[in-house]
Amino acid sequence: MFVASSPRKCPQGPCQAARTANQLQPGTSGSHRIDSMLGFAAESARRIRSARHTNFSRLLISAQAQEFNMVYASPGTDASTDPDIDKNIRMFEQGDFPTPLASYPTDKSKGKLGQKTLRRLAQNREAARKSRLRKKAYVQQLEDSRMKLTQLEQELQRARQQGIIISTSGDQQRSTSENEALAFNMEYMRWLEEHNKQINELRSAVHTHAGDDDLQSIVSNFMAHHEEIFRIKGLAAKADALHVLSATWRTPLERCFLWLGGFRPSDLLKLLADQLEPLTEQQLASICNQQQSSQEAEETLSQGMEIIQDSLAKTVASQLGRAGSSSSSPSNAADHTAAALGKIGAMESLLQQADDMRMQSLQKMQRVLTTRQSARALLLISDYFSRLRALNSLWIARPQQ
C-alpha cells in the first residue's frame, strides 16, 4: 500500500507532479504502477544530480569570480574600475577563463618592498649612473690624448719641413734646441716600440730553440738597433745637453737609477754575472774584469761632472754679491753668463763618453758570450727595464690613502 508523504514542492514543476499523481490513481494495475514508480525515481534522481551539479558549478564560479575581483580591483575600491578587468570577470563567470593580466607595480606592491629594498634599488641606480659617467669621462680622456698626440706629430712634421719654429696651442714659440728635444722624445717612443717587437722576436727564437745562424742574425739586428738610439741621443745632446741629462723620456722610477742620462754599464754587468747561467769560469772572470774597469771609467766621468757642476755653481754665485754694485758692468755680466753657458755645454762631451761606454759594454759582452748566451743576456737586460717601467705604473695607479 502506497502511503503519501507530506506535500513537498516538486522540482520538476506542477505539470509533471500532476502526471505523476494520475499515474498513481487507484485502478491502475500493480505492475504498471511499479514500473511507473521506478521510472519516476530514476528520472528524479538524474534531475536532482543535474541540479546539484549546476548549483555547485555556479557557486564555484561565483566564488572564483569574487576572488578574481578582489585581486584585480583597484586599491581602496570594492570593484575594478578597469573595463578590461570587468570584461575578464564577465568571461570568467560565463566559464571562459581570461588570460592572466601582466603584472605591474601598484602602490600596494610597492609598500610590500620595504624601505630597505627601495633604498638598495636607489643605490644601484646611482652606482650605475656614476659608472656611466666614469666610462664617458675615460673615453673622452683617451680621445683627448689621441688628439694631442696627433697634434704633436703634425707639429714635429712641420718642424722637420720648415726648420726652426713650432707653434703650440698656446701660441708659444720653441727654440731650435727645444724642437730637437721634442723630436728626440718622439724618436725614442718609436725606437721603444720597435725595440719591443725585436724583443718578442728574440724571445720566440730562444724558446723555440732556433738555429745559431738565425739567432745570430736577430742578435745583430738588436745590437744595430741600440747603436741607432745612441746616435740619435748624441745629436740630441749636442742640441740640448740638459734635456738628455734629465732623461725626461724615461719613467720617474727609471730616472732614479740613471747615470749621466742612461744606465751604468757596471750595473748591467753585475746583473749578468748574478743572473745569467750557466757561465764558465773564464766567462765569469772576464765579465768581472769588465765590471771593474767600467766602475773605474764611471768614477772618472762622475768626477768630471762634479768639476763642471762645482765650477758652474761658483760662476753663478760670483755674480750675486756684485749685482747692483758700481763695480759691475754689463760686459762683466755677459762674460760670466757666457762662461756659465760654456760649462753647461761641456756636459755634452761627458754624455757622449758615457753613451760610448754603454755601447762598448754591450759589444764586449757579446764577444765573451756565445750566441745563445748573448740572446739570453739581452732578454735579461730588457726584462729588467720593463719591470722598472711596470713598477712605476703600479706606483702611479696605487690607491690614494
Side-chain angles (χ1 to χ4, degrees), residues 152 155-156 158-160 162-168 172-191 226-252 254-267 294-323 327-362:
L152 286 175
E155 292 176 353
L156 179 60
R158 287 197 300 269
R160 288 174 175 172
Q162 299 176 1
I164 299 178
I165 298 176
I166 295 179
S167 298
T168 61
Q172 297 176 349
Q173 293 184 344
R174 298 180 183 270
S175 63
T176 304
S177 61
E178 290 174 329
N179 291 339
E180 292 294 340
L182 178 61
F184 174 74
N185 287 356
M186 299 296 294
E187 289 293 341
Y188 178 79
M189 296 303 297
R190 294 189 181 94
W191 178 89
H226 273 73
E227 290 180 359
E228 179 65 16
I229 192 59
F230 286 133
R231 184 189 66 81
I232 298 175
K233 189 177 176 184
L235 296 176
K238 290 181 180 180
D240 188 356
L242 294 179
H243 177 74
V244 176
L245 186 63
S246 61
T248 56
W249 62 90
R250 293 186 178 270
T251 62
E254 286 180 293
R255 291 199 293 269
C256 293
F257 296 91
L258 292 186
W259 167 77
L260 295 181
F263 60 86
R264 286 181 176 269
S266 60
D267 288 346
S294 296
Q295 288 177 344
E296 294 174 356
E298 291 168 8
E299 184 65 24
T300 301
L301 292 180
S302 297
Q303 291 176 0
M305 178 59 72
E306 291 177 0
I307 292 173
I308 293 176
Q309 292 174 344
D310 184 66
S311 178
L312 179 60
K314 290 179 179 179
T315 302
V316 174
S318 64
Q319 296 298 309
L320 296 179
R322 301 178 182 178
S327 60
S328 84
S329 62
S331 60
N332 291 335
D335 292 340
H336 282 83
T337 301
L341 293 176
K343 291 177 174 58
I344 296 176
M347 296 179 181
E348 182 266 330
S349 176
L350 294 179
L351 294 175
Q352 187 62 50
Q353 294 180 49
D355 282 343
D356 291 342
M357 281 184 56
R358 297 181 182 103
M359 193 64 211
Q360 290 173 8
S361 297
L362 294 176

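Both backbone and side-chain heavy atoms feed into the values below; hydrogens, waters and symmetry mates do not.
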Sidechain-backbone polar pair: K233 side chain, G261 backbone, donor-acceptor under 3.5 Å: yes

Taking the side chain from S318 and the backbone from T315, do they hold a donor-acceptor pair closer than 3.5 Å? yes

Closest contact, heavy atoms only, A237 versus L351: CB-CD1, 4.3 Å

Measure across A247 and L258 and return the closest heavy-atom pair with its distance rounded to 0.1 Å. CB-CD1, 3.3 Å

One should read off an interatomic distance between D267 CG and W259 CH2, to the nearest 0.5 angstrom, of 10.0 Å

From L242 atom CG to I344 atom CD1, the distance as rounded to the nearest 0.5 Å: 5.5 Å

Within this structure, what is the CD-OG1 distance for the pair Q353 and T300, rounded to the nearest 0.5 Å? 9.5 Å

List the steps, then state whether side-chain contact (heavy atoms from CB on, under 4.5 Å) holds for R358 with L260. CA-CA 11 Å; R358 297 181 182 103; L260 295 181; 4.1 Å; yes

Lys/Arg cation over aromatic F257: R264, 6.0 Å, 45° cone: no

Separation between CE of M359 and CZ of R231, rounded to the nearest 0.5 Å: 13.0 Å

Quick check for you: to the nearest 0.5 Å, what is the distance between D240 atom CG and S246 atom OG? 7.5 Å

Show your reasoning for whether side-chain contact (heavy atoms from CB on, under 4.5 Å) applies to W249 and M186. CA-CA 9 Å; W249 62 90; M186 299 296 294; over 6 Å; no

Do E348 and K238 sit within salt-bridge range, that is, some charged N less than 4.0 Å from a carboxylate O? no

For the OG atom of S294 and the CD atom of E299, what is their distance to the nearest 0.5 Å? 13.0 Å

Hey, does the side chain of E254 reach the backbone of T251 with a donor-acceptor pair shorter than 3.5 angstrom? yes

E187 side chain vs I232 backbone, donor-acceptor pair below 3.5 Å: no

Would you check, one step at a time, whether the test side-chain contact (heavy atoms from CB on, under 4.5 Å) holds for M305 with L301? CA-CA 6 Å; M305 178 59 72; L301 292 180; over 6 Å; no

Closer than 3.5 angstrom, by distance alone: can the side chain of S311 be matched with the main-chain N or O of I307 as a donor-acceptor pair? no

H243 vs F184 aromatic rings, parallel, tilted or perpendicular, using cut-offs 30° and 60°? perpendicular

Looking only at heavy atoms, which two atoms of Q352 and G234 are closest? And how far apart? OE1-CA, 3.5 Å

